[in-house]
Amino acid sequence: MTYDLTALRAQVPALAAGTAHFDGPGGTQTPLPVIEAISAALSHPLSIRGGILPGERNAEDIVAGTRRAVADLLGADPAGIVFGRSATQLTYDFSRTLARDWSPGDEVVVTRLDHDANIRPWVQAAERSGATVRWADFDPVTGELTADDIRAVLSERTRLVAVTAASNLIGTMPPIAGIARIVHEAGALFYVDGVHHTAHARVDVGALGADFFVCSPYKFLGPHHGVLAARPGLLETLRPDKLLPSTDEVPERFELGTLPYEFLAGTRAAVDFLAGLAVRRDGSRRERLDSAFEAIGEHEDMLRDRLEKGLAALEEVTVHSRAARRTPTLLLTFEGRDTMDAHRFLAGRGVHAPSGSFYALEASRRLGLGDAGGLRVGLAPYTAPEDVERLLEGLTAFLGRK
């Protein structure tokens with residue numbers, strides 16, 4: 001059996017509009033089973049969770065089932081899965097909770113490679129507590145962020161280190177497991193932004209060594225909300241602000257207000273949809289997800305290779321995505337041309353490749369691109385070879401080659 005791209009694309013209604021989507025890093029298009037799961041949740045009785053009435057039981061089943069599904073996706077414990085409005089909101093919530101134990105002289109490490117959602121919450125929490133922020137740099141030439149880059153800014157006063165598992169701007173995938181070892185040797189906690197990573201690679205939170213791992217289902221074919229995975233025992237030690245009548249159980253003590261049950265149902269469906277892309281269809285859901293991400297990786301790598309070869313023939317193009325290990329996400333700039341003009345030109349040809357810094361402001365500045373960034377080209381599981389050809393043809397025309 002092989003990766004069935006035709007069958008996959010047939011399950012994504014938005015693709016029928018004809019646009020070639022390279023905007024996956026900002027959010028993927030939604031498969032029909034996810035849409036149907038959201039609709040089904042809203043079409044059946046639904047109420048505050050409980051065990052008596054149908055609406056109560058439906059809500060309880062959705063939450064419990066989605067925790068199990070996300071735990072299978074991330075290699076985590078269902079009892080350590082926290083749901084929130086977004087990855088940004090979850091990171092802000094946890095930064096405020098963790099910072100209660102910080103004081104002047106303590107240190108927090110952030111990186112120039114990260115999305116601002118894994119920088120600013122920690123910087124602001126440090127400012128409020130009097131802790132010192134230390135910055136880990138990356139190499140703007142190679143795009144690499146190494147364990148040594150993190151080691152250089154660690155000390156006995158480091159309380160937390162925040163690092164992306166994959167840059168949403170240039171795709172760099174730092175050696176997270178190696179970084180985790182040195183972070184823990186320093187006695188610090190390790191917070192990993194897995195938003196971009198989870199869409200493209202198998203995740204095993206335990207093997208990565210992340211104390212906290214945050215991601216967003218809408219980046220991997222699901223609906224808009226956020227997920228955080230942590231060890232239940234670690235969550236038990238944290239005391240967030242919460243309403244007096246709300247439960248103190250983990251993980252619910254971190255989930256403020258009523259959960260978006262319909263979106264959780266969609267997330268469970270997205271995980272099952274991904275598992276259905278497995279080349280090997282037997283085994284547990286976790287095993288099928290492993291097979292699926294192996295197939296997705298091969299598909300995306302094949303398209304990325306074709307794309308990079310085509311871009312190499314366009315001498316006016318600079319590709320800033322150069323790390324040895326990275327996602328199929330390329331950041332481009334053009335000699336003497338504005339990337340926003342390229343975005344508009346491609347849009348006129350039915351190709352969606354957006355321009356900007358995409359909240360990775362520090363990375364864009366470090367690359368010498370200021371706040372403007374570049375044209376970001378991101379592949380997704382449903383990207384077709386014809387999409388890549390349309391993009392290359394559009395860029396060739398934009399640059400006046402033909």
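Ion pairing of D72 with R68 is absent here, as no side-chain N (NZ or NE/NH1/NH2) approaches a carboxylate O to less than 4.0 Å. Salt bridge present: E252 and R67 bring a charged side-chain N and a carboxylate O closer than 4.0 Å. Here D272 does not pair with R288 in a salt bridge; the nearest charged N to carboxylate O distance is not below 4.0 Å. By the 4.0 Å N-to-carboxylate-O rule, R9 lies close enough to D387 to be salt-bridged with it. With salt bridges taken as basic N to acidic carboxylate O contacts below 4.0 Å, one links D137 and R366. Taking 4.0 Å as the cut-off between side-chain N and carboxylate O, R306 and E386 do not count as a salt-bridged pair. Electrostatic pairing of R120 and E362 counts as a salt bridge here, judged by a charged N lying under 4.0 Å from a carboxylate O.
Of the residues listed (T198, I176, V192), the one engaging V203 in a side chain to side chain contact (heavy atoms under 4.5 Å, CB included) is T198, and it is the only one.
Remark: the backbone N or O of Y92 is paired with a side-chain donor or acceptor of S95 at under 3.5 angstrom.
Counting heavy-atom neighbours within 6.0 Å of Y359 OH, excluding the residue itself, gives a total of 12 or less.
A donor-acceptor pair shorter than 3.5 Å can be found between the side chains of D23 and H352.
Taking the ring axis of F22 as reference, the NZ or CZ atom of R376 does not stay both within 45° of it and closer than 6.0 Å to the ring centre.
By the 30° and 60° cut-offs, the orientation of the rings of F213 relative to H197 is perpendicular. Ring planes of H224 and Y218: parallel class, angle under 30° (limits at 30 and 60°).
Counting heavy atoms from C-beta outward, L399 and V317 have side chains that approach closer than 4.5 Å.
Taking every heavy atom of both residues into account, T267 and H225 meet most closely at OG1-NE2, 2.6 Å.
A distance of 7.0 Å separates CG in L228 from OG1 in T91, rounded to the nearest 0.5 Å.
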